[in-house]
Each structure stands twice: as C-alpha cells, then as structure tokens.
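This report concerns only the one structure given below.
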Amino acid sequence: MLVMWCSRTALGRLQRIAPCTVTGFHRAMSTLPKVYVTRKVPPDGLDILRKSGQVQFEMWDSDDPVPRVELLKKVKGCEGILCVLTEKIDAQLLNAAGPNLKVVSTMSVGFDHLSLDELKKRGIRVGYTPDVLTDCVAELTVALLLATSRRLIEATHEAKTGGWGTWRTLWLCGHELANSTVGILGLGRIGVAIAERLKPFKVKKFIYTDVAPRPELANMIEAEYVSLDELAKQSDFLAICCALTPETHGICNWNLFSKMKKNAIFINTSRGGVVNQEDLYEALSTGLIAGAGLDVTTPEPLPTHHPLYTLKNCVILPHIASASYMTRNSMSALAANNLLAGLRGEPMPKELKL
Ligand SMILES: O=C(O)[C@H](O)CO
C-alpha cells in the first residue's frame, strides 16, 4: 500500500496525483516509512517502490532537479531518500531530514555527491548502483574514444558545411588503436570492460595505475601496473575511470598532460572534477596532446561559452555514459531494491561500505 504525491515544476506547486483509496489506508499509511524520491526515476524502479507496499513515497516528478529549498523541506522526517547524482547529500540535508533517516539510495555508481563522513557519523546506510551500468558506460567510452581519435564530429561537420572538397592525403587524419598502448587511470569493473572491448581493435598493450596494483582485475585484461608518470608517458590513449575523491581531484593537470605523447587521446567518462580544465584547454590548444573526449565536465552542464567548446580536438558529451533505456531502468530498479532492503534492515543488493 502506498501513496504517491508528485511535484510538478511547471505548475510550481504540489499535486496529489495518485491518491490511494484502499480501505484502512490512513491507518496503514501512518505506519509505513516515509521516503522521498528526488527525481522522476525510470519505470522499473518506480514499479518496485509502488508494488512493494512497504513505503509511502513522494517523488519530485520532473526531469529537472528539485530546488534545494524544496528538497530540504521534503526530506523532513523521511526514513529513506532515493536520489540521483545532482543532489548534494551533506550535513545540511541530513540535519533537515532529521533522526528518522536510515537509508540513502543513490541511482548512480558515483558517490562524490554524498558526504560519506556525515552519513557514517549518523549511522545512515548507503546504496548505490555499480555493475548494472558497466557495459553501457564501457560501450560509450569506446564510442567517445573512436569519435575523438578518428575525428568523427569534425568530419561530419565538414561534410555538412561544404568543407568536403576533393579527397586529400592527410585531411582529417586521426590516430588508430591498432598497435597502440592504452592506459587506464583507476582500474575497476568499468576499466576492465573498456579494455575487453578495445582488445579486438588490436591494442598492443594495456597499462594502468591505481592506489595499489589490482592483480585480480588486471589479469583479466593482461594489464601492467605502472606509476602515474609512466601511464602518462606511455599511453597513446588514456581512459580516466577513477572515482572522484579528494585524492583524485584535479589529478589530470598540467603535470600529467605535459608528460603525455603529442599523439595522445585523453578520454574521461568518470567525473569532471578529476580534470583541471584550464590545463586541459592549454594542452589541447597548444598541441601538447592530440585530443580529448569528455562525457563529464565541471560544472555540468558546461556553459555553452566555455572555451573547451571552441576546440575542434575536444569532443564533449552531456554525461550520457549510462544513458541506455535498459541500463537506466536497471539502475532505478537496483536503487529501489537497495532502499527497500535497507529500510527492512536487511543487506542491500549493493551497499556502499562506509
Ligand atoms: O555515477 C554514475 O552512475 C554515472 O556517472 C551516471 O550514470
């Protein structure tokens, strides 16, 4: 049994869209844990919450983020929050929610929007959505790598705008994967999945760096552990796959770019915060490296006047690595199941160890 109240931004006011009329509703409802869902989540997750009969939930029924002021009001007294990566779950929000809050479930594999210390201090459990998006993110990373290295966006633009003259010997030449060295910064499930997809392109060697060697994963793709310096020096293609943490914040900076090869292609599908964008702009505009493909930036959305957009050798996507219908539905289902399990006091399918 549940009730859903949805907030519609366009109307600017709350609307009750699905009142439950089951007998005994009010009595039963009062005992169900209150949950706030911060965004219109894909149908699979929504169905799970609806059919569970375990929670009364209210959802911000919009594709745009709930305004912070509204969010702070809405979480008051909640036992659970299902959020996405645009919501900062910090001390202010946790204080606003109050002592009933038991579970935060984020529909994302990344958790840099969550203040883990604050959550831990309050004994709040955290669910997240690894694994279900690995294939989709790896696929997009490969697509972005090829689009960047083979200059596909530039090429279609030339074709459409009359730049396509006669066949020319070096026009729109790029860099190929065959016989290349591919570096991975932060080897996890996604890094392995990217390497597995790139291998058939006849990559010569995979190298990686991380806080420590990860032999069990590295063996799957025969990748060699190297220092960050060596990763920069040896990689023809460098894929950034690490989580954004205080240690990785701005790790891709001038120091790194200046050690990279002139033909190197830099690809980031992790978080914008790992990159110093001013340094990347310098590296790209001065030909220090050959190109960059970014699915993530700081901020998001990246303002349309940002200098990176002026560079032909920079391909920018609007954070779509996990954007397939199947994956987004799986993410929402996992987020819903994490939330419900956490509220029952059971192990979550995917719980972040704090
Ligand atoms: O953290 C995540 O889940 C991705 O960045 C979006 O799917």
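These numbers come from a predicted model, not from an experiment. Whatever order the structure lists ligands and atoms in, that order sets their numbers, starting from 1. Numbers here simply count residues along the sequence, with the first being 1.
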Do Ser285 and Leu311 pass the side-chain contact (heavy atoms from CB on, under 4.5 Å) test, and can you show the C-alpha distance, the side-chain angles, and the key distance before you say yes or no? CA-CA 7 Å; Ser285 58; Leu311 302 174; 3.9 Å; yes
Closer than 4.0 angstrom, basic N to acidic O: yes or no for Asp90 and Arg68? yes
Quick one: does Thr269's side chain get under 4.5 Å of Ile240's, heavy atoms only? no
Atom CD in Gln234, atom OG in Ser180: separation rounded to 0.5 Å? 12.5 Å
Among pairs that include at least one residue of residues 240-261, which meet side chain to side chain donor-acceptor pair (under 3.5 Å), considering only residues two or more places apart or in two chains? Asp229-Lys259, Asp236-Lys261, Thr245-Glu247, Thr245-Thr248, Asn255-Lys259
Name the residues in contact with ligand 1, where contact means a heavy atom under 4.0 Å away: which are they? Leu85, Ser108, Val109, Gly110, Leu133, Arg271, His319, Ser322, Met331
Please confirm whether Phe266 and Phe257 have ring centers closer than 6.0 angstrom. yes
